Every structure is written in structure tokens, then in C-alpha cells.
Engineer: 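The structure is given below, and queries will be raised subsequently.
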There are 2 protein chains.
Amino acid sequence: MKTRIKELRARYSLTQAELARRVGVRRETIVFLEKGEYNPSLKLAVKICRELNTPVEELFLFEDNELDK
Amino acid sequence: MKTRIKELRARYSLTQAELARRVGVRRETIVFLEKGEYNPSLKLAVKICRELNTPVEELFLFEDNELDK
DNA sequence: ACTAAATGTTATATATTTATAACATATAGT
DNA sequence: ACTATATGTTATAAATATATAACATTTAGT
């Protein structure tokens, strides 16, 4: 999974720490998410989307073969 | 969290078992999701959305106070 | 070059999702 | 009423997200 969190976060001049604080997780969690190293809960994903004013499908990008099985 | 999975699933005449099969989880997982009893992974949420031709934000409905903290 | 702040890394613990299995109830067709 | 299929329930195990803490590296400002 790829994500545009880092890009959007920069656009709003938010630090990882500040974004983490706003959505109620640890900064390390944001680091892992930005690296695409894990698959957040839907609730966390939606919270981040709201902070970054971006729809879920635009912030989190799945390759096609990642979704079918 | 509320969800319209059950409603949309009915619209497409899919059983829980068939939807589960298509998105690669157990039927029980669909049951729990339809009851809003848990917060799926983003990947699972997106898979279900694709099967039901519905954007994430329309299939999974969070109360406002559920997201801010 | 120094400093402070931001970002990245790693290891371990805890919480929550998901799998599995077995059974119970409901619904529809005959 | 019987049967098959769909849905719901419960308990336990396994997998994975997230928390926590401590430290390392990078970046920006002075």
C-alpha cells in the first residue's frame, strides 16, 4: 500500500508529531504508515483523511493486485 | 461505527458467505462488521467497498464524536 | 560548527482484528 | 412439517496494529 500522507502533511506544514497528536496515535505509528508498512484501521485512516482534507481513496493507494485474491 | 454493508449486500443479492469469499475473509467477520462491532483494517474495508461499488465514506459511517478525541 | 527540532529505527508489550470451529436460530421452498 | 440454506452466536487461537521507550540520524536555523 502506498500513501500520500507525507506529501499532504507537508502541504499543511504539519509535523509527524502534530498529526499524530491530532489523530490520537503515537508518532511512530505515523512513521510506519508513511512508509506503507502497515495497514491502518479504518477509523485511523478516516481520522487522518479528515485532518488532511482528502478522501480515503486518494490518500491511500492500493495496487490492483493487492486487493484481489 | 455504522455500516451499510447489509443493505448494499442485499441490493446485489449477495450472501454473507459469498461476500466473505470474494474479499477473502470468514463469514463471521462479515457478521461482526455488519453489526458495527469492529473497526476493519483499511484494506478489508476497501475490498468490501469495491465489491459493493460504494466509496468508503458512504459504506462506513462514523458518528462525529467517534472521530475526534 | 552548534543546537534544537524533526524524522527514522528497533525491540518489546498490549490491544484488537481476524481465523477457526461448533452450534443455534431463522427463512424459504416443497 | 421437512429440508436446505442463510444468518447469528460464542469461545479460543493466531495474526497484526498500535503503544511505549530509548536511541540514531537528518534537517534547518544561528
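Below, chains carry the letters A, B, ... as their sequence lines are ordered, and counting in each starts from 1. On a predicted model such as this, the values are computed, not experimentally measured, just so you know.
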Engineer: Among the candidates D/dA17, C/dT17, D/dT18, find the nucleotide nearest to the side-chain atoms of B/Tyr38.
Structural biologist: C/dT17

Engineer: Establish, with yes or no, whether the OP1 or OP2 oxygen of C/dT18 is under 4.0 angstrom from a side-chain nitrogen or oxygen of B/Arg26.
Structural biologist: no

Engineer: What is the distance, rounded to the nearest whole Å, between atom CD1 of A/Ile48 and atom P of D/dA17?
Structural biologist: 14 Å

Engineer: Would you call A/Glu51-A/Lys47 a salt bridge at under 4.0 Å N-O?
Structural biologist: no

Engineer: Does D/dA22 have its OP1 or OP2 closer than 4.0 Å to a side-chain nitrogen or oxygen of A/Arg27?
Structural biologist: no

Engineer: With a 4.5 Å cut-off on side-chain heavy atoms, are A/Val46 and B/Phe60 touching?
Structural biologist: no

Engineer: To the nearest angstrom, how far is B/Leu42 atom CG from C/dT16 atom C1'?
Structural biologist: 16 Å

Engineer: Within the pair A/Lys43 and C/dT17, is there a side-chain N or O less than 4.0 Å away from OP1 or OP2?
Structural biologist: no

Engineer: Send over the distance from A/Gln16 CD to C/dT9 P, rounded to a whole Å.
Structural biologist: 10 Å

Engineer: One pair to check against side-chain contact (heavy atoms from CB on, under 4.5 Å): A/Glu66 and A/Met1. What are the steps and the verdict?
Structural biologist: CA-CA 8 Å; A/Glu66 234 179 322; A/Met1 187 204 72; 3.7 Å; yes

Engineer: Between atom CD1 in B/Ile30 and atom C1' in D/dT9, what is the gap in whole Å?
Structural biologist: 16 Å

Engineer: Got B/Val23 and B/Thr29 here, is their nearest side-chain heavy-atom distance under 4.5 Å?
Structural biologist: no

Engineer: Please report, rounded to the nearest Å, how far the P atom of D/dA6 is from the NZ atom of B/Lys6.
Structural biologist: 15 Å

Engineer: In this structure, how many angstroms lie between the P atom of D/dT5 and the CD atom of B/Glu18, rounded?
Structural biologist: 15 Å

Engineer: Rounded to the Å, how far apart are B/Ile5 CD1 and D/dG8 P?
Structural biologist: 12 Å

Engineer: B/Gln16 and B/Leu19: side-chain contact (heavy atoms from CB on, under 4.5 Å), yes or no, with the steps?
Structural biologist: CA-CA 5 Å; B/Gln16 291 176 339; B/Leu19 177 59; 6.0 Å; no

Engineer: Quick check on D/dA19: is either OP1 or OP2 less than 4.0 Å from any side-chain nitrogen or oxygen of A/Thr29?
Structural biologist: yes

Engineer: Side-chain N or O of B/Thr15 less than 4.0 angstrom from OP1 or OP2 on D/dT5?
Structural biologist: no

Engineer: Counting only distance, no hydrogens or angles, is the base of D/dA19 paired donor-acceptor with the side chain of A/Glu28 under 3.5 Å?
Structural biologist: no

Engineer: Apply the side chain to side chain contact (heavy atoms under 4.5 Å, CB included) test between A/Ile5 and each candidate in A/Thr54, A/Ile48, A/Leu14; give the one that qualifies.
Structural biologist: A/Ile48

Engineer: Phosphate oxygens OP1/OP2 of D/dT16: is one of them under 4.0 Å from a side-chain N or O of B/Ser41?
Structural biologist: no

Engineer: Looking only at the side chain of B/Phe32 (C-beta and beyond, no hydrogens), which of the listed nucleotides D/dG8, D/dT18, D/dT10 gets closest?
Structural biologist: D/dT10

Engineer: Of the nucleotides C/dT18, C/dT9, D/dT7, which has the atom closest to the B/Pro40 side chain?
Structural biologist: C/dT18

Engineer: With respect to the side chain of B/Lys35, which nucleotide from D/dT18, C/dG8, D/dT9 is positioned closest?
Structural biologist: D/dT9

Engineer: Measuring from the side chain of B/Arg9 (C-beta onward, heavy atoms only), which nucleotide among C/dT7, D/dT7, D/dT10 has the closest atom?
Structural biologist: D/dT7

Engineer: Measure the distance from CZ on A/Arg21 to C1' on C/dA6 and round it to the nearest whole Å.
Structural biologist: 16 Å

Engineer: Given C/dG8, C/dA19, D/dT9, which nucleotide is nearest the side-chain atoms of B/Val31?
Structural biologist: D/dT9

